[in-house]
Amino acid sequence: MSGLPNPNILPPKGPLADVEAVGRIEAVKTVLRVLTQMTGLRLAVVARVTPESWTCCAVLDQMGFGLRAGDTLVVSTTFCNTVRGMATPLLVNHASKDPRFKDHPAPKMYGIESYVAVPLYRRSGEFFGVMCALDAKPADLTEDKLEIFRHLGDLVGHQLEQEEVLNDRDTQLLSAREASLLREQLMGIVSHDLRNPLNAISLAAATLMRRSDLDDRARRGLRRILDSSDRANRLILDLLDFTHVRTGLALRVKPRAVDLHEITQQVVDEVQLTSLGRTLEVVCHGDARGRWDPDRVAQALTNLITNAVQYSASSTRILVEARGEADAVVLSVTNVGTPIPLELMPVLFEPMTRGTTEGGERRSVGLGLFIVNQIALAHGGRVDVTSTAEAGTTFRVHLPRKG
């Protein structure tokens with residue numbers, strides 16, 4: 001695939017009102033990033049699909065396919081048309097070798113080999129289109145991904161219905177009551193319907209890991225499943241917090257007496273388990289006792305350390321420091337790597353922002369630093385960062401003492 005427009009993409013002429021409606025849904029961009037992170041597939045799309053047309057409504061293209069919102073394809077050449085016809089989710093790992101699809105136009109015309117999708121419905125039950133992730137490379141996805149896709153599809157379909165209601169009222173604002181209901185529905189879907197299957201996957205993999213008759217290959221496979229589940233759970237926690245803050249509420253914290261030296265060592269030990277081969281060094285100075293929310297502090301440190309692991313060479317060390325000062329405890333994480341561009345510094349703690357384009361094989365949704373900043377603010381603290389080629393990149397979380 002090249003970055004040039006695909007010659008099979010037709011000039012925009014589809015149901016543009018649907019394109020605009022999906023484009024106004026803020027959560028769609030985040031959902032598409034979750035799909036690429038969860039599956040490893042590099043192209044994620046929300047498409048309006050009718051018997052006559054296929055129209056791209058939203059897209060995250062990390063593959064250089066050349067697809068943009070408003071573009072249309074010949075519907076009969078797409079896997080999405082198959083989903084429309086069957087009205088069920090579809091998973092294809094290697095299309096050209098799949099007896100069902102080896103003669104399908106999609107792998108021949110577009111070079112698409114892997115594809116996973118669910119149908120999207122309006123709340124009225126009317127078929128809208130498809131949410132899908134796809135790639136030119138074969139994949140090895142399992143059926144449990146379809147369950148997570150389905151719940152995210154329900155979320156997008158529900159928000160699309162909300163957009164239609166807003167258009168009927170000729171307004172772009174939700175009332176306070178409607179916003180509260182939408183927030184609760186979103187948080188319910190994410191916290192219950194997504195976390196339950198993930199927890200089941202983690203539990204099953206952990207149980208199998210305890211077997212003594214597994215060879216090294218099986219153990220590596222189970223470890224990858226556990227690592228992926230952990231990353232997905234972190235994404236879900238970040239999404240829940242992002243939704244909470246975006247609706248105008250402060251991040252919830254439950255301070256109690258803790259020692260941040262102990263929290264720091266615990267978090268480093270946990271991250272080390274999923275970062276085999278990396279050198280994580282812990283340095284503790286002074287008195288780090290006070291009143292903070294230990295779970296939130298651990299969440300912030302985990303985000304910073306995993307960020308450092310992702311954006312630094314595997315041969316370099318990562319320094320994690322907890323320093324007790326007179327009025328605060330400062331937690332810092334330092335890694336060597338490409339400096340953060342100066343133009344990104346003012347927006348580094350905004351959602352959907354990453355400090356570098358490196359680490360593409362494990363791209364994040366871009367909420368980690370936003371959540372770290374919100375956790376610091378909820379404790380009355382702050383976050384700062386320095387980044388140079390000589391000294392590396394250091395994030396510091398300043399947490400005032402609470403007694």
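Checked against the 6.0 Å centroid threshold, F127 and Y121 count as a close aromatic pair.
Looking only at distances, a side-chain donor or acceptor of R278 sits under 3.5 Å from a matching main-chain atom of A313. Of the possible donor and acceptor atoms, one in the side chain of R291 sits under 3.5 Å from a partner among the backbone N and O of P255. Of the possible donor and acceptor atoms, none in the side chain of S275 sits under 3.5 Å from a partner among the backbone N and O of Q272. Under the 3.5 Å distance criterion, the side-chain polar atoms of R84 are left unmatched by any main-chain donor or acceptor of P119. Between the side chain of W54 and the backbone N or O of G129 there is no donor-acceptor pair closer than 3.5 Å. In this structure, the side chain of D71 engages the main chain of R68 through a donor-acceptor pair within 3.5 Å.
By the 4.0 Å N-to-carboxylate-O rule, D98 lies close enough to R100 to be salt-bridged with it.
Considering every non-hydrogen atom in both V118 and L146, the closest pair reads CG1-O, 4.1 Å. Considering all non-hydrogen atoms of both residues, W292 and P400 come closest at NE1-O, 2.8 Å. When all heavy atoms of V372 and A300 are compared, the closest pair comes out as CG2-O, 3.6 Å. Scanning all heavy atoms of the two residues, the minimum distance from R296 to Q299 falls at NH1-OE1, 2.8 Å. Nearest approach of P339 to S387, heavy atoms of both residues: CA-OG, 3.3 Å. Taking every heavy atom of both residues into account, L399 and A376 meet most closely at CD2-CA, 4.4 Å.
Below 30°, between 30° and 60°, or above 60°: for F395 and F349 the angle between ring planes is above 60°, a perpendicular geometry.
When each of V333, T388, T386 is tested with T394 by the rule side chain to side chain contact (heavy atoms under 4.5 Å, CB included), just one qualifies, namely T386. When the options T36, D61, D135 are evaluated for a side-chain hydrogen bond (donor to acceptor under 3.5 Å, both in side chains) with R42, the one that passes is D135.
Y110 and T78 form no side-chain donor-acceptor contact under 3.5 Å, judged by distance and modelled atom types alone. For the 3.5 Å distance criterion, the side chains of D269 and Q265 qualify, holding a donor opposite an acceptor.
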